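Data block below; observations after.
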Protein chains: 2
Amino acid sequence: MLDQHVAVITLRDSGVRMTPQRLLVIEALAGNRSHPTVEQIFEYVRERYPTVSLATVYQSLALLSRHGLITELHGDRGTLRCDPDTSSHAHAYCRRCGLVMDVPLPPAATHTALDLDTFNPTQVEVSIYGVCAACAGQPSSPVEAEA
Amino acid sequence: MLDQHVAVITLRDSGVRMTPQRLLVIEALAGNRSHPTVEQIFEYVRERYPTVSLATVYQSLALLSRHGLITELHGDRGTLRCDPDTSSHAHAYCRRCGLVMDVPLPPAATHTALDLDTFNPTQVEVSIYGVCAACAGQPSSPVEAEA
DNA sequence: ATTACTGCAAATACTTTGCAATTGT
DNA sequence: ACAATTGCAAAGTATTTGCAGTAAT
């Protein structure tokens, strides 16, 4: 899980400049378990530093990702989500409410990918789609049932 | 793996109309192991039916997906790819050349996801990112090495 | 003082939608 | 004939880029 101090030191040691914008992006992610979208991170930073631009947030996230401090999730169709926890785990996406939750993976699952001798894997993303417990309890809306 | 006849019959039985455009989308995917992008499918269809529109291709793909005849892949950042093979397997994405290859998954891997009692999974997507054998052999281009 | 970084605005990329015309059944 | 489907064009959503000004070191 991303730690603010570790992140700052890691970046500094790589010669990256620490700006208030970046610090706030890190702050938004540190300890965050909600897998926020870029827009959500942008909102967090903007509340504290109103002149920040969305482009800067995108650039900061790419920077953090490049330095291995966060993981970018592609499972939410067309929207980038960020995970400050870079350890091996899967993500469950609720198709009804949009919730993204962590799912532990048995250590063996990671090995599967590493068994490939024809491919040199650097990252594995496991996305599970379905309906979460809370939504499964609720009947689906009429609008949704139609589709 | 998607079979043209099976697909046509499945759709017909569901009361879906068979148009030349749809037939060509199916044809483009049947037996295709390259995980084509929407654009590539569009090109295939257009060569044979020049007035087809991209929107129709998108709609046809959504239809096939809804009927469980294909799987939509989200692993290629910002671009939809299609897989006519709906059986359980992972995908390896080469970060250098863009190649997408099938990777078998041990049956146990699928069970992992199904162990969740708090979540009702309908689909699991496993994306492996790295560098393929062919690219690993080649030295990276100077431009790429810089980045 | 240098040079990385930011903010802006425009560009690019991908996908969806509304609607009139068309076509499969 | 009827309703589903298409093609078009426009809108919507997401992300990237060029560049002049700003700020971290």
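If you're wondering where the values come from, they're calculated on a predicted model, not measured in any experiment. Residue numbering restarts at 1 for every chain, and letters A, B, ... go by the order of the sequence lines.
The nucleotide range of DNA chain D contacted by chain B, defined by atoms under 4.0 angstrom from heavy atoms of the protein and reported 5' to 3', is D/dA3 to D/dT15. Of all nucleotides in DNA chain C having an atom under 4.0 Å from a heavy atom of chain B, the first and last in 5' to 3' order are C/dC14 to C/dT25.
Geometric assessment of B/Arg48 against the ring of B/Tyr44 yields a positive cation-pi assignment under the 6.0 Å and 45° thresholds.
A distance-only check finds a donor-acceptor pair linking the side chain of A/Glu125 to the backbone of A/His74 [under 3.5 Å]. Of the possible polar contacts, none joining the B/Arg81 side chain to the B/Gly75 backbone as a donor-acceptor pair under 3.5 Å is found. Side-chain atoms of B/Gln59 come within 3.5 Å of backbone N or O of B/Ala55 as a donor-acceptor pair. Looking at A/His5, its side chain never comes within 3.5 Å of a backbone N or O of A/Asp3 through a donor-acceptor pair. Not one N or O on the side chain of A/Thr56 forms a donor-acceptor pair closer than 3.5 Å with the backbone of A/Val52.
What you find for B/Leu2 and B/Ala7 is that their closest heavy atoms are CD1-CB, 3.7 Å. In plain terms, the two heavy atoms of A/Pro84 and A/Asn32 that are nearest each other are CG-O, 3.1 Å. Residue B/Tyr49 comes nearest to B/Leu24 through the heavy atom pair CB-CD1, 3.5 Å, listed as atom of the first residue, atom of the second, then distance.
Interface residues of residues 7-22 of chain A facing DNA chain C, ordered by number: A/Val16, A/Arg17, A/Thr19, A/Gln21, A/Arg22; criterion, heavy-atom separation under 4.0 Å. Sorted by residue number, the members of residues 46-56 of chain B with any non-hydrogen atom under 4.0 Å from DNA chain D read B/Tyr49, B/Thr51, B/Val52, B/Ser53, B/Ala55, B/Thr56.
Over its length, the helix from C/dA1-D/dT25 to C/dT25-D/dA1 turns its helix axis by 40°, as judged from the five terminal pairs at each end, rounded to 10°.
For A/Glu72 and B/Arg77, the salt-bridge test passes: some basic side-chain N is under 4.0 Å from an acidic carboxylate O.
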Review point. Given the rule in the side-chain hydrogen bond (donor to acceptor under 3.5 Å, both in side chains) test, do B/Asp76 and B/His35 qualify, once you have shown the distances and angles that lead to the verdict?
Key: CA-CA 10 Å; B/Asp76 191 5; B/His35 313 91; over 6 Å; no

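Taken from CD1 in A/Ile70 to OG in A/Ser65, the straight-line distance is 5.5 Å, to the nearest 0.5 Å. For the atom pair CZ (B/Arg95) and SG (B/Cys135), the distance works out to 13.0 Å, reported to the nearest 0.5 Å.
Grouped with A/Tyr129 in one hydrophobic cluster are A/Leu73, A/Tyr93, A/Val100, the linkage being side-chain heavy-atom contacts under 4.5 Å among Ile, Leu, Val, Met, Phe, Trp and Tyr residues.
In this structure, A/Phe119 is not a member of the same hydrophobic cluster as B/Val131, with clusters built from ILVMFWY side-chain heavy atoms closer than 4.5 Å.
Nearer to the 5' terminus of DNA chain D, by closest-nucleotide assignment, is the contact made by A/Glu39 (compared with the other of A/Glu39 and A/Gln59).
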